[in-house]
Amino acid sequence: MLEKETFHPLNYIKKEEYSGSMEGMRYMLRKCSAGEEDIIRVTIWPEPLNLLKTPENLKETLDVSLSAEGVEQARQWLNEQFKSRREYWLDRMNRSWVE
C-alpha cells in the first residue's frame, strides 16, 4: 500500500514519469496537458509486461490535477484499485512474460 507519509512524487512528476508496482499491479504517474492545464495521468496495468507492451484494454487511467491534492487523489485511487482487485493483481504476478 502507498502511505501518505512517504508518497510525495509531485516534484519528480513535474520533470519525469514516476512508476512503481504493488504485488502484480504496475502504475505510472506522468505530467500531461489537458487543454491549457497540466494534469497528472495515473495509469495502472497488470504485470508482467511494461506499459508499452500491455494491451490497451488491460490499462486503466485517472486524471488528477498537478498538485499535492492531485497526488493524494492518485494515491487513494491506486490503493483502492489494488485492494478491490487484489486477487487479480496477485494472479498476474505469476503470469508468464509470453502468453
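Computed over heavy atoms, backbone and side chain alike; hydrogens, waters and symmetry mates excluded.
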- prompt: Atom CG in L66, atom CD in E37: separation rounded to 0.5 Å?
  reply: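 It is 9.0 Å, given to the nearest 0.5 Å.
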Inter-residue atom distance K4.NZ - N79.CG, 0.5 Å rounding: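 Answer rounded to 0.5 Å: 12.0 Å.
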For [X], check side chain to side chain contact (heavy atoms under 4.5 Å, CB included) against everything at least two apart and list the hits.
X	answer
E23	F82, R86, L90, M93
D63	I39, R41
E3	M1, E5, T6
S65	S67

- request: List the steps, then state whether side-chain hydrogen bond (donor to acceptor under 3.5 Å, both in side chains) holds for Q73 with E69.
  value: CA-CA 6 Å; Q73 288 175 332; E69 293 81 16; over 6 Å; no
task: Please answer whether the main-chain N or O of S33 pairs with a side-chain N or O of D38 as donor and acceptor at a distance below 3.5 Å.
output: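 Flag not set: sc D38 to bb S33 has no pair under 3.5 Å.
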- prompt: Same cluster for Y88 and V42 if Ile/Leu/Val/Met/Phe/Trp/Tyr side chains link at under 4.5 Å?
  reply: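 Linked within one cluster.
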message: Are W89 and L2 linked, directly or through intermediate hydrophobic residues, by side-chain heavy-atom contacts shorter than 4.5 Å (ILVMFWY only)?
response: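 Linked within one cluster.
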Restricting to non-hydrogen atoms, name the atom on [X] and the atom on [Y] that form the minimum distance, rounded to 0.1 Å.
X	Y	value
I44	Y27	CG2-CB, 4.0 Å
R92	P46	CG-CB, 3.5 Å
W45	L51	CE3-CD1, 3.5 Å
R75	F7	CB-CD2, 3.5 Å
T54	N50	OG1-O, 2.7 Å

query: With sequence neighbours left out, what residues match S84 under side chain to side chain donor-acceptor pair (under 3.5 Å)?
result: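 By the side chain to side chain donor-acceptor pair (under 3.5 Å) rule, S84 matches no residue at all.
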- request: Identify whether the distance between the nearest side-chain nitrogen and carboxylate oxygen of K83 and E80 falls below 4.0 Å.
  value: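 Salt bridge between K83 and E80, a charged N being under 4.0 Å from a carboxylate O: no.
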- request: Taking the side chain as every heavy atom from C-beta outward, state whether T43 and L62 have any atom pair closer than 4.5 Å.
  value: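 A side-chain contact under 4.5 Å is absent here.
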Can you give me every donor-acceptor pair (side chain of residues 9-19, partner residue at least two apart or in another chain, under 3.5 Å) with its distance?
none

